[in-house]
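Computed from heavy atoms alone, side chains included, the values below leave out hydrogens, waters and symmetry copies. Numbers here simply count residues along the sequence, with the first being 1.
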Amino acid sequence: MSKTSTTDPAPAGGPEEQDLGDAGSHLSTAPKEDGPGLPSLGVVGWVRWFWRQLTSMRVALLLLLLLSLGAIPGSLIPQTGIDATKVAEFRKNNPTLGDIYDKLGMFHVYSSVWFSAIYILLFVSLIGCIVPRTWQFVGQLRGRPPGAPKRLTRLPAHTTWRTTAEPEQVREAALALLKKRRFRAHLAGDAVAAEKGYLREVGNLVFHLALIVMLVAFAWGQLFKAEGFKLVVEGDGFSNTLTQYDDFKSGNLFTQDDLNPFSFRLKDFEGTYETSGPNRGTPRTYQATVDYSVGAYGKDEHKTIKVNEPLTIGDTKVYLASHGYAPVVTVRDGKGNVVYRDAVPLLPLDGFATSSGAIKVMDGYRNAKGQKEQLGFQAFFVPTYNGGPMVSQFPALTRPVLALNAYHGDLGVDSGLPQSVYQLDKTNMKEFKDSKGQLLKKLLRPGQTMQLPNGAGSITFEKDIKEWAQFQITQQPASGWALGGAIAAIFGLAGSLFIQRRRVWVRAVRGADGVTVVEMAGLGRSESAKVPEELGDLAGILYDRAPGASDPADSPDPDQEPGTETPVPAEGAENK
């Protein structure tokens, strides 16, 4: 149905080439690149040049790459905001490298000057890039597609034919067809101008806006974040105040008033494990049941916290981090008075809950001479003991055993120096001796008692063995914004990559012999097979509505009826 011709391009800078350039203008909202040349002298010129470079797409991509590379040390090198102990250990083991890292800010990457500079420059670059592109795109939406070039046959994809239909009828049919195909179309002189694919630029702008939202959300989250850990024994509770945390760290702008007011009590921890096979000891059920309330007068509510199912209160989430055992022990003095009775949390050393810790009796104890003294016990707990070394054979409570080493003296808790509740400082402690003059130690099963020598008292391993759960409480504001920005960025990038913005023109004019000549052409932003394919499809439909007429320049076939000649298709468009 169609006849296509390919002609040599006009000389550079000619009117036809300028005409084609106008037809393809504004297919993108990318800023126009200035020709090579030095910026004008003076402060204003250099500032303008620097601003253009900063807001260019290549610089934005370079800054984004630098930001990604800059985050790598934060993942590989210990950070003071995450684990100060590991940082101190790294400095001790690598003094020279540690000094270099200190000067470069490698131990606090995300708050370092150089990382903040990259972050701020990227933020400014994105804003400086997206604002003018947005205004330009809005202007394009308010305008109309440009009129048809003088010679449509010079466009990469084009087709033409002659028809007996009137030019007005062809243009009306073309306008209706293009609007039906969701083109923005209008009559422009003797042609119909149409454009489609504006969502490509929308996707491009959404992608840039989403990056800005993500940058703001990440910055806000780092400045106002809070994270802490709390070990809670069954029956005990937790209130969300700084003094209740075992370990707590926060962002630079976080204050105590930003903590969400809530509290909870650990009712029960349930853990079941595989009893056989290669996964023996692997948890099957691992959950903590809590009663919680929000605010000072909130109603108690029930919640089961699992590994991937935290308790969510506002922008605070309570995760189940770890689990262990807390044997209940009772300590009596020489007169039989109870001076200590509590569940003592012990820290697991392996996957089968072999645990260790310390029992410290700091107040209320007097020795056989009536003198005030402190007691300390090194404790090792095995939930399943089969004899031999103190190593558990299974993480569940099947044959529990508690091993104790006894000491007396000064625990050092009044010295003002911090010490771990799970370790025993034996600097000022003396060993209790057994009948052989050795350190007093004993394996206790639930209900058994170890007597201290010379009427110093006793310690009993009660049958009630409690469990504890450690919770990670995180407060990460703007995390929802960051997630929304990431999703929007993905969809925006997909739209900018897969949606093709293209234009179509249909010109219908009366020829010298009185027969209507129809020209159709399409132009895309980039070389795409979709433009000629779509143009061929549109031309085929329009040809059915304005069928071809004979060309007097063609030699008629004597065996063919007059007026039924079909033009021979050529390259450049889809034929039908």
Q: Please report the closest heavy-atom contact between Ala379 and Leu346, naming both atoms and the distance.
A: CB-CD2, 4.2 Å
(Q) Applying salt bridge (Lys or Arg N to Asp or Glu O under 4.0 Å), can you list everything that pairs with Lys360, at least two apart in sequence or on another chain? (A) none
Q | Residue pairs involving residues 248-259 (criterion salt bridge (charged side-chain N to carboxylate O under 4.0 Å, His left out); sequence neighbours excluded) | A | Glu227-Lys249
Q. To the nearest 0.5 Å, what is the distance between OH (Tyr340) and OH (Tyr365)?
A. 15.5 Å
Q: Kindly compute the distance separating CD1 (Ile459) from CG (Leu444), expressed to the nearest 0.5 Å.
A: 7.5 Å
**Q.** Residues in salt bridge (Lys or Arg N to Asp or Glu O under 4.0 Å) contact with Arg399, at least two apart in sequence or another chain
**A.** none
(Q) Taking the side chain as everything from C-beta on, heavy atoms only, tell me whether Pro310 gets closer than 4.5 Å to Val318. (A) no
Q) If you look at every heavy atom in Ala489 and Ala210, which pair is closest and at what distance? A) N-CB, 3.4 Å
Q. Can any side-chain N or O of Asn93 pair as donor or acceptor with the backbone N or O of Glu89 at less than 3.5 Å?
A. yes
**Q.** Criterion side-chain contact (heavy atoms from CB on, under 4.5 Å) against Phe471, the qualifying member of Val232, Asp246, Leu311
**A.** Val232
Q) Do side-chain atoms of Thr354 reach the backbone of Leu349 as a donor and acceptor pair under 3.5 angstrom? A) no
Q | Steps toward side chain to side chain contact (heavy atoms under 4.5 Å, CB included) verdict (Gln53, Arg58) | A | CA-CA 8 Å; Gln53 300 304 313; Arg58 55 179 173 270; 3.8 Å; yes
Q: With the side chain counted from C-beta on, respond yes when Phe377 and Met450 share a heavy-atom pair under 4.5 Å apart, and no when they do not.
A: yes
Q. Roughly how far, to the nearest 0.5 Å, is CH2 of Trp51 from OG of Ser56?
A. 11.0 Å
Q) Taking only residues two or more places apart in sequence, or in another chain, which ones meet Phe107 in a ring pair (Phe, Tyr, Trp, His ring centres under 6.0 Å)? A) Phe90, Tyr101
Q. So, Gln378 side chain and Gln423 main chain: donor-acceptor pair closer than 3.5 Å or not?
A. no
Q: Would you check if Phe254 and Leu259 make a side-chain contact, meaning some heavy-atom pair closer than 4.5 Å?
A: yes
Q) Side-chain contact, heavy-atom cut-off 4.5 Å: Phe461 with Phe381? A) yes
Q: Output all residues satisfying salt bridge (Lys or Arg N to Asp or Glu O under 4.0 Å) with Glu467, sequence neighbours left out; order by chain, then residue number.
A: none
Q.
Please determine whether the number of non-hydrogen atoms from other residues, nucleotides or ligands lying under 6.0 Å from atom OH of Tyr198 exceeds 12.
A. yes
(Q) Within the 4.5 Å heavy-atom criterion, are Met429 and Leu411 side-chain neighbours or not? (A) yes
Q. Just by distance, do the side chain of Gln500 and the backbone of Phe498 share a donor-acceptor pair under 3.5 Å?
A. no
Q. Going through the distances and angles, do Ile473 and Phe262 end up as a side chain to side chain contact (heavy atoms under 4.5 Å, CB included)?
A. CA-CA 11 Å; Ile473 299 98; Phe262 70 90; 4.2 Å; yes
Sequence neighbours left out, cut at 3.5 Å: what donor-acceptor pairs do the side chains of residues 300-307 make with other protein atoms?
| unit_1 | atom_1 | unit_2 | atom_2 | d |
| --- | --- | --- | --- | --- |
| Glu301 | OE1 | Tyr292 | OH | 3.4 |
| His302 | ND1 | Asp291 | OD1 | 3.2 |

Q.
Just verifying a value: how many Å separate Lys441 NZ and Asn405 CG, rounded to the nearest 0.5 Å?
A. 5.0 Å
Q: Verify, without hydrogens or angle tests, whether Ser239 (side chain) and Thr241 (backbone) share a donor-acceptor contact under 3.5 angstrom.
A: no
Q.
Going by salt bridge (charged side-chain N to carboxylate O under 4.0 Å, His left out), name the pairs with one or both residues in residues 277-288, residues two or more places apart or in two chains.
A. Glu274-Arg284
**Q.** Derivation and outcome, side chain to side chain contact (heavy atoms under 4.5 Å, CB included), residues Gln79 and Val87
**A.** CA-CA 6 Å; Gln79 301 293 293; Val87 174; 5.6 Å; no
Q. Just checking, any donor-acceptor pair under 3.5 angstrom between side chains of Thr285 and Thr272?
A. yes
Q | Minimum-distance pair of heavy atoms, taken over all atoms of Gly492 and Val206 | A | CA-CG1, 4.2 Å
Q: Keeping the roles fixed (side chain from Asp342, backbone from Val344), state whether a donor-acceptor pair exists under 3.5 Å.
A: no
Q. What residues, two or more places apart in sequence or in another chain, satisfy ring pair (Phe, Tyr, Trp, His ring centres under 6.0 Å) together with Trp468?
A. none
Q.
What's the separation between atom CZ in Phe218 and atom CG in Leu67, rounded to the nearest 0.5 Å?
A. 9.5 Å
Q: Assess whether side chain to side chain contact (heavy atoms under 4.5 Å, CB included) is satisfied between Leu404 and Ile359, documenting all intermediate values.
A: CA-CA 9 Å; Leu404 297 174; Ile359 302 172; 4.0 Å; yes
Quiz: residues 111-128 side-chain donor-acceptor pairs under 3.5 angstrom, not counting sequence neighbours:
| unit_1 | atom_1 | unit_2 | atom_2 | d |
| --- | --- | --- | --- | --- |
| Ser111 | OG | His108 | O | 3.4 |
| Ser112 | OG | Val109 | O | 2.6 |
| Ser112 | OG | Trp114 | NE1 | 3.3 |
| Ser112 | OG | Phe115 | N | 3.4 |
| Trp114 | NE1 | Leu104 | O | 2.8 |
| Ser116 | OG | Ser112 | O | 2.8 |
| Tyr119 | OH | Leu215 | O | 2.1 |
| Tyr119 | OH | Ala219 | N | 3.2 |
| Ser125 | OG | Leu54 | O | 2.5 |

Q: Please report the shortest heavy-atom distance between Ala482 and Met214, naming the atom on each side.
A: O-CG, 3.9 Å
Q: Kindly give the heavy-atom pair with the smallest separation between Ala217 and Ala478, and that separation in Å.
A: CB-O, 3.5 Å
Q.
Is a donor from one side chain sitting under 3.5 angstrom from an acceptor on the other, for Glu462 and Thr330?
A. yes
Q | For Ser496, side-chain hydrogen bond (donor to acceptor under 3.5 Å, both in side chains) partners two or more places apart | A | none
Q) salt bridge (Lys or Arg N to Asp or Glu O under 4.0 Å) with Asp268: which residues, sequence neighbours excluded? A) none
Q. Quick one: CD on Glu201 to CZ on Arg501, what's the gap to the nearest 0.5 Å?
A. 5.5 Å
Q) Looking only at heavy atoms, what is the nearest atom pair of Pro446 and Pro400, with distance? A) CD-O, 3.5 Å
Q: Kindly indicate whether the side chain of Leu402, heavy atoms from C-beta on, has any atom under 4.5 Å from the side chain of Val329.
A: yes
(Q) Using a 3.5 Å distance criterion without hydrogens, assess whether the side chain of Tyr385 forms a donor-acceptor pair with backbone atoms of Gly388. (A) yes
Q) Which residues pass the ring pair (Phe, Tyr, Trp, His ring centres under 6.0 Å) test with Phe238, sequence neighbours left out? A) Tyr245, Phe264
Q. Would a 4.5 Å heavy-atom cut-off, applied to side chains only, mark Lys317 and Gln476 as touching?
A. no
Q.
Can you confirm if the aromatic rings of Phe269 and Tyr286 lie within a centre distance of less than 6.0 Å?
A. yes
**Q.** Phe352 vs Thr384 side-chain heavy atoms within contact, under 4.5 Å
**A.** no
